Protein chains: 2
Amino acid sequence: MPHDHTELLKHVKEELPTDEMLQDLGDLFKIFGDTTRIKIMYALYEDEMCVCAIADLLNMTQSAISHQLKTLKDANLVSGRREGKEIYYSLSDDHVKSIINQGFEHIKE
Amino acid sequence: MPHDHTELLKHVKEELPTDEMLQDLGDLFKIFGDTTRIKIMYALYEDEMCVCAIADLLNMTQSAISHQLKTLKDANLVSGRREGKEIYYSLSDDHVKSIINQGFEHIKE
DNA sequence: TGAACATATGAGCAATTGTTCATATGAGAA
DNA sequence: TTCTCATATGAACAATTGCTCATATGTTCA
């Protein structure tokens with residue numbers, strides 16, 4: 001017969017966050033899991049920037065950047081501020097920096 | 001003519017990590033960006049567990065869990081320890097916990 | 001050695017995703 | 001208004017990915 005681990009499961013199940021929270025957590029990290037978006041966030045880490053400046057920096061089309069900024073904005077990771085024709089984007093809060101920094105700690109090994 | 005932002009770009013470019021590092025960073029977060037893997041890591045956050053216990057906990061097949069554990073192991077996020085027929089997995093280091101915690105801070109809003 | 005249990009793995013498929021292209025919206029200048 | 005620059009967005013396509021299924025490897029016990 002297969003071995004038993006109901007005791008362990010009982011304990012772990014109690015500590016595990018809800019499915020919804022774990023789903024949200026995964027969705028958040030999914031957004032960090034793309035090089036383009038990481039680059040955008042890292043650039044905004046330094047200073048607010050308009051869309052075409054980011055496109056220049058990453059050597060990508062305006063459209064591609066705009067799509068990714070929408071993804072980031074929908075996740076409340078960046079926000080935009082209009083100034084004339086341009087829209088300046090910046091990081092929404094300091095969690096973004098913290099998360100990126102934690103990631104860096106891990107790969108520095 | 002399009003507006004100019006060479007000064008800003010010059011500054012940001014200096015501060016930006018190398019492409020390779022940003023790529024690695026994205027790859028790392030990509031691994032966190034899946035609900036199944038997040039659940040596995042969260043479970044191991046509590047205690048080391050064998051494959052079939054994780055499969056039971058998440059109500060998924062042994063094969064699916066095994067595939068994901070391989071992904072996590074390849075990224076040095078978990079490691080396995082054989083004990084008889086079973087293989088007990090645990091988190092490789094504390095960065096995993098830190099990253100998950102930082103993510104949680106963000107979604108708690 | 002053979003049977004049973006635990007885990008790993010390769011191939012295939014469906015679903016997701018990032019970019020491109022074309023086009024739409026929005027704002028300032030003439 | 002019309003032109004131009006800045007940005008947003010929908011559709012389509014290629015590439016990636018997570019799961020399933022079948023099967024292989026590895027360990028223990030009889």
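Residue numbering restarts at 1 for every chain, and letters A, B, ... go by the order of the sequence lines. Values in this document were obtained by computation on a predicted structure and should not be read as measured data.
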Query - Contact pattern, 5' to 3', of nucleotides 22-29 of chain D - B, S or - by protein heavy atom under 4.0 Å - result: B---SBS-
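Note on B:Thr36: every side-chain N or O is 4.0 Å or more away from OP1 and OP2 of D:dG18. Residue A:Gln68 has no polar side-chain atom (N or O) positioned under 4.0 Å from OP1 or OP2 of C:dT17. Within the structure, a side-chain polar atom (N or O) of B:Tyr89 is placed less than 4.0 Å from OP1 or OP2 of C:dA8. Phosphate contact (OP1/OP2 of C:dA6, side-chain N/O of A:His3, threshold under 4.0 Å): present.
Residues A:His106 and B:Leu77 are in side-chain contact: their nearest non-hydrogen atoms beyond the backbone lie under 4.5 Å apart. By the 4.5 Å heavy-atom criterion applied to side chains, B:Gln68 and B:Lys70 are not counted as neighbours.
Residue-level contact check: B:Thr71 touches neither bases nor backbone, having no heavy atom under 4.0 Å from any strand. Here B:Lys30 lies in heavy-atom contact (under 4.0 Å) with sugar-phosphate atoms only.
When the nucleotides D:dG18, C:dT19, D:dC19 are ranked by their closest atom to the side chain of A:Met60, C:dT19 comes out on top. Taking only side-chain atoms of B:His67, from C-beta outward, the nucleotide of C:dT7, D:dA8, D:dC21 with the closest atom is D:dC21.
The side-chain hydrogen bond (donor to acceptor under 3.5 Å, both in side chains) check on B:Thr6 picks up B:Asp4, with sequence neighbours excluded. Contacts of A:Glu86 classified as salt bridge (charged side-chain N to carboxylate O under 4.0 Å, His left out), with partners at least two apart in sequence or in another chain: none.
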Query raised in the report: Stepwise, does the salt bridge (Lys or Arg N to Asp or Glu O under 4.0 Å) test hold for A:Glu15 with A:Lys13?
Result: CA-CA 5 Å; A:Glu15 302 295 332; A:Lys13 259 181 193 162; over 6 Å; no
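Classification of the A:Tyr45-A:Tyr42 ring pair by plane angle, with boundaries at 30° and 60°, yields parallel.
If you measure from atom CG of A:Asn59 to atom P of C:dT20, you get 10 Å, rounded to the nearest angstrom. In this structure, NZ of A:Lys70 is placed 5 Å from P of D:dT9, rounded to the nearest angstrom.
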